[in-house]
Amino acid sequence: MDYNFTEVEKKWQQYWRENQIYKVTADPGKPKFYVLDMFPYPSGAGLHVGHPLGYIASDIYARYKRLKGFNVLHPMGYDAFGLPAEQYAIQTGTHPAVTTDKNIERYREQLDKIGFSFDWDREVKTCDPSYYKWTQWTFVRLFESWYNKKNNKAEPIQTLIHHFESFGSNGLFAAASAHESFTAENWRSMNEKSRQEMLMHYRLAYLADTVVNWCPALGTVLANDEVSEGLSVRGGHPVERKTMKNWLLRITAYADRLLEGLDHIDWSDSLKDIQRNWIGKSTGGSLLFEVDGSNHHIEVFTTRPDTIFGATFMVLAPEHELVNAITTVGQQAEIDEYVHRTKNRSERERMAEVKKVSGAFTGAYALNPFTGKKIPVWIADYVLMGYGTGAIMAVPAHDSRDFAFARHFGLEVLQVIQKPGEALSHPDNWDESYDSKEGVAINSGFINGLEVKQAIQAVVTEAEKRGIGTARINYRLRDANFSRQRYWGEPFPIYYKDGMPYALPEDQLPLELPAVDAFLPTDTGEPPLARAINWKTKEGYPLETNTMPGFAGSSGYYLRYMDAQNNERYFSEEAVNYWQNVDLYMGGAEHATGHLIYARFWNMFLFDIGMAVKSEPFQKLINQGMIQGRSNFVFRVNLEKMAEYFMWEQLKDRKTGVLFEKDYRDGSRRFDFYSAEAKLIIEIKGQKSLEKLVHPYEEYCKERGLKLLLIPIRDFFNMNEIMQRVRRVLDGEEIPAFVEKEPMNPVPVYVSKNYPGREFFSEPIHVDINLVHNDVLDTEAFCNWQPHLAGSQFILEDGKYICGWEVEKMSKSKYNVQNPDDLIERYGADTLRLYEMFLGPVEQSKPWDTQGIEGVFRFIRKFWRLFHSENNEFGLSEETPNEKELKVLHKTIKKIEEDIERFSFNTAVSAFMICTNELNELKCNKRKVLEPLLIILSPYAPHLAEELWQLCGHQQSVVMQQFPAPDTRYLVENSFSYPVSFNGKTRFKIELPADMTAADIEQAVRNAEETKKYTEGKQIKKIIVVPQRIINIVI
RNA sequence: GCCCGAGUGGUGGAAUUGGUAGACACGAAGGACUUAAAAUCCUUUGGCCAUUGCGGUCGUGCCGGUUCGAGUCCGGCCUCGGGUACCA
């Protein structure tokens, strides 16, 4: 063994730990840099190779920045509250804290083995009371705040109370839930409870009745981003709609700032797009419709006020509050039935029936505010209560859903937008609605002839003038549901007095999670915390029994890292002023609509109240790609099918001189092979079936004067013998149809991937990737893998068994999970680090495949050998390096620096390989070349670099060194090999001085021998010369 | 349906601003060293034609365009991946 990575890596990991090499403190004398990874949820399965991909990339960057003189904050911790540990607790009774601690220990062990430069003194666990104290603290601040749209920031609830006392709700411009306006006198006459109820409409953390995503299987409510296609993201359980009282965060107050902030951060466009779509800003207007013969008004939101003249009916969501009030007696039964039906439909059913048109008529009519025309009011579930006002004006001519509805119920369709130059056709003849993104208004009273854009403006202006409408912006984003009916989460620091919630005073935080006798809801359906004994305040007020969701603890964790051990504050002012925000955040794009939105919101709020100093938490973000699994397959043979396949190979295409048919049918009978010419039936089956069938077959053949051959499957291991028998029959010989032999013990047979016909007689079965090396199966290990595989037979190709492969999700059941520990044991952490980077761009998703890791492993040993003699003795030359050697060194320094700066880690690894190959060729072992190389390699392969650095005679860790500057003097070339192309096709190369002028180059090329050959007497029209790049001759 | 992103050898990928397509690595084939294996080293390796050497020709999902020159830019299409979905 030339380089003992096992020993060396252990040695340095211990050194780093004992000497606290990666401990950082705020140091105003140095520029800061904050590199953060999305902290993991510690699952029972441990880390697989996909997790560290981002950690390795960020670790390399952090180490690089440190060598560049930055004070680098690079912490790690655990998102430790979560459903899996709680589900496990329900099943086994083990407290989630116990499971979580155990998992964290395992994670830590795995992380340590990879050699990360984390400052573990700053570790946080979201389930630790000293941490969640600040999650609770922030919640209380949210509860005690409202959003003032005039100042565009959150303010203490006190300022709102002052306003109420003086003006009531008048003159207020705030983010609030819908409610009746009131005067200062109203306010003063309210009792405590009513006032609290009123304040609840404004608080940034508020309690409200909401239609929620209820997941019965998990026994909890889920946020929108935790539900996908009507199923829970975790576990895939069905989700229902249910109305419940829950805590919500008024994130919608920040919708515009969340949107606007995206313009100032360095995230990928796709991620920004996802967030923009999720926020879903749409600009339009709200219009008020009178209900004919009543005092009720229906407000609608529309992005197309210009189509108001085409509104031929109106649709309300079935849950709309006015439905009951406006429904006529005659229609009551129908409406009730429809409302009942939609209410009791699961979310999945609703989504599955999207294409089906349904609805019911209320019997009421609304009046078009501009024309006064009576239009019928319907209800239908294609209108959602949660968006806009829960009511729409339907313009069937120009909206596909309204069109479908109108057609289904025979409602009027009226065209109001027309594209210039297009002929009018009657809407009755349309198959679909008419696209109205562009065009001019027709049939539209005072806006006739106006372009869409102008028409929208004109309608809004007119509506405002008449007091029947206003310009309005709407967001798709909903307030975030913050309650979970679960045990394993942060308790709310809230108690109830007279049914109204109040926040615990700060000195009573943290409110610790109580002990419970079981992790299940109570018999009355209350959350698990209701089981806790004495779950009330000192004064005896009951405490909230819901807990906070997963995203609570992960929203502000990056701030806590800045000052993780502070017992007095979330974090000190000094710390936040120094560390500011995250400069580089590495993590998965799957958090785009969850964590990454909530954290931005959380941070903006903390910014508003003067805690955070930057309004955006994560300046630059890189999404590491997902690592998919690469599964291997063996092909299990169906012996009968295989025998039939081989037989057919011998019989088909008149190979025997007579024509055979395969799968010949006679009534309900079927024969494998039949030849009308030779009057012969050949049947292949297992020995035992043949024994049973021999008589019926013989009878059948006798009746029809046919010859018969019954061939047991086992004979196929001797194809020659079978074909001899066939030939003898064809030659007219009388031979017995069936020869009884000893039955065969069936053993599983597996056929190699490229064996001819394999796909016809075998089926793929997942095989553990650890039994496969470069797609070649270790057949012995395979036989020992599972008991039923003992004694398996293999049909090989070129003496090997080649497996099939496919890219799939990494999962236990597919036997394709690769954990880093195994690889570290075999190749070492440095190889793993380099290989994960070498695989391709960090941002790209790719399958994990260990093919190729050997190459990186070889590089590590080659690099080691640059410093060692053939007998593995360390030794460097003190000679002055020559130009060539210096060029290799400085070229590499430059390339590595450029590559790290643009997060191109894979090409940097290549550059190290090229450099090593070149120095190897130059037989260079000079200290002046190799030492700087160690420093630039150290972010990638820290253990190897430390060991060699020490062998070089240095006392201080390589981590403490400075990144060398490339000396461009050595990079200057004095000649350049120009590719000469003709009409863009490269033909030959010409070596010319690098500083030659374009004119001289042109002349040199004209005179070149080869030029004449390729012009072949044709006239040169033009020569393009790009110095130091190319020459192109146009002929 | 709508909004993004990506398609390059047998494989992972490189080509940074429109300028030598396939760097680097794996795999494969052949060879050296070795009693043997491992390790190491050398040669070849996009397809087709030619092969004694020279070379020729096609080629970055498909079709077209801009340009002296296109993997890179533009238009249209196909396939795959991600997001989202009665959002008015």
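Residue numbering restarts at 1 for every chain, and letters A, B, ... go by the order of the sequence lines.
Among the protein residues, N1032(A) comes within range of the nucleic acid bases, having at least one heavy atom under 4.0 Å from a base atom. If you check every strand for non-hydrogen atoms under 4.0 Å, S268(A) touches nothing. Looking at heavy-atom distances under 4.0 Å, E590(A) makes no contact with the nucleic acid at all. In this structure, K895(A) reaches the bases: a heavy-atom distance under 4.0 Å links it to at least one base atom across the strands shown. Note on L384(A): a base of the nucleic acid sits closer than 4.0 angstrom, heavy atoms only. Residue contacts shown for I1024(A) include a base, since a base heavy atom lies under 4.0 Å away. Nucleic acid contact class of V980(A) (heavy atoms, under 4.0 Å, all strands): none. Within the 4.0 angstrom heavy-atom criterion, base atoms lie near D381(A). Using a 4.0 Å heavy-atom criterion, one finds that V1026(A) contacts the bases of the nucleic acid, with or without backbone contacts as well. Across all strands shown, K1021(A) has no heavy atoms under 4.0 Å from either base or sugar-phosphate atoms. In this structure, R472(A) reaches neither bases nor backbone, as no heavy-atom distance under 4.0 Å exists between it and the strands shown. Residue contacts for P847(A): at a heavy-atom cut-off of 4.0 Å it reaches no nucleic acid atom on any strand shown.
Looking at R276(A) and D263(A), a side-chain N of the basic residue comes within less than 4.0 Å of a carboxylate O on the acidic one, giving a salt bridge. E1002(A) and R1006(A) are joined by a salt bridge, as a carboxylate oxygen and a charged side-chain nitrogen come within less than 4.0 angstrom of each other.
With both pairing distances under 3.5 Å, A15(B) is matched to nothing as a Watson-Crick or G-U wobble pair. A6(B) and U79(B) make up a base pair, with Watson-Crick or G-U wobble contacts both under 3.5 Å. The base-pairing partner of C41(B), taking Watson-Crick or G-U wobble contacts with both distances under 3.5 Å, is G31(B). Pair assignment for C73(B): G65(B), on the basis of Watson-Crick or G-U wobble contacts that are both within less than 3.5 Å. Using the Watson-Crick or G-U wobble rule with both distances under 3.5 Å, G55(B) pairs with C49(B). Remark: A21(B) base-pairs with no nucleotide in the shown strands. Criterion, Watson-Crick or G-U wobble with two distances under 3.5 Å.
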List the steps, then state whether side chain to side chain donor-acceptor pair (under 3.5 Å) holds for W267(A) with N623(A). CA-CA 9 Å; W267(A) 295 13; N623(A) 290 123; over 6 Å; no
Would you please test F409(A) and F313(A) for ring-ring contact (aromatic ring centres under 6.0 Å, His included) and show each step? CA-CA 11 Å; F409(A) 291 107; F313(A) 57 100; 8.9 Å; no
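Nearest nucleotide to the side chain of T302(A), out of G13(B), A25(B), A88(B): A88(B). Of the candidates A88(B), A23(B), U11(B), A23(B) carries the atom nearest the S910(A) side chain, counting heavy atoms from C-beta on. You'll find that the side chain of R401(A) is closest to C87(B), out of C68(B), A14(B), C87(B). Minimum atom distance to the side chain of R858(A) is reached by U40(B), of the listed G13(B), C4(B), U40(B). Closest to the side chain of D899(A), out of C26(B), U16(B), A39(B), is U16(B). Candidate nucleotides C87(B), C68(B), C24(B) were compared by shortest atom distance to the side chain of Y387(A), and C87(B) ranks first. Considering only the side chain of R476(A), A85(B) comes nearest among A15(B), A88(B), A85(B).
Residue F988(A) contributes atom CZ, which lies 16 Å from atom C1' of C54(B) at whole-angstrom precision. In this structure, the CD1 atom of I1030(A) is 17 Å from the P atom of U67(B), given to the nearest Å. The distance between atom CD1 of I914(A) and atom P of G22(B), rounded to the nearest whole Å, is 13 Å. For N906(A) and C26(B), the CG to C1' distance is 15 Å, given to the nearest whole Å. Per the geometry, CZ belonging to F313(A) stands 12 Å off C1' belonging to A88(B), to the nearest Å. Counting to the nearest Å, the P atom of C24(B) and the CD1 atom of I896(A) are 15 Å from each other. Between the CG atom of L53(A) and the P atom of G13(B) there is a distance of 12 Å, rounded to whole Å. When rounded to the nearest whole Å, the span between CZ of R304(A) and C1' of A88(B) equals 11 Å.
One P atom belongs to C80(B), the other to G27(B), and the distance between them is 32 Å to the nearest Å. Comparing the P positions of G81(B) and C58(B) gives an interatomic distance of 35 Å, to the nearest angstrom. The separation of C48(B) from U40(B), taken at their C1' atoms, amounts to 36 Å, rounded to a whole angstrom. Spacing between G47(B) and C42(B) at atom C1', rounded to whole Å, works out to 26 Å. Remark: the separation of the C1' atoms in U60(B) and G22(B) is 9 Å, to the nearest Å. Separation of the P atoms belonging to A6(B) and G75(B) is 14 Å when rounded to the nearest angstrom. C24(B) and U57(B) have their C1' atoms separated by 28 Å, with the value rounded to a whole Å. Taking atom P in both U67(B) and U52(B), the straight-line distance is 45 Å, to the nearest Å.
Within a 6.0 Å sphere centred on NZ of K989(A), other residues, nucleotides and ligands contribute 12 heavy atoms or fewer. Within a 6.0 Å sphere centred on CD of E412(A), heavy atoms belonging to other residues, nucleotides or ligands number more than 12.
The base of C4(B) has none of its N or O atoms less than 3.5 Å from a complementary donor or acceptor on the side chain of D273(A). For C87(B), the base has a donor-acceptor partner in the side chain of R478(A) [N/O atoms by modelled type, under 3.5 angstrom].
The residue among D269(A) and R987(A) whose nearest nucleotide of RNA chain B lies closer to the 5′ end is D269(A). Ranked by how close their nearest RNA chain B nucleotide is to the 5' end, S270(A) and I392(A) are led by S270(A).
For the pair R861(A) and F857(A), the distance from NZ or CZ to the six-membered ring centre is under 6.0 Å and the angle to the ring normal is within 45 degrees.
In this structure G9(B) sits in the syn conformation; its chi angle is within 90° of 0.
Contact between W430(A) and Q415(A) at its shortest, heavy atoms only, is CZ2-OE1, 3.3 Å. When all heavy atoms are compared, the tightest approach of A908(A) to Y940(A) is CB-OH, 3.1 Å.
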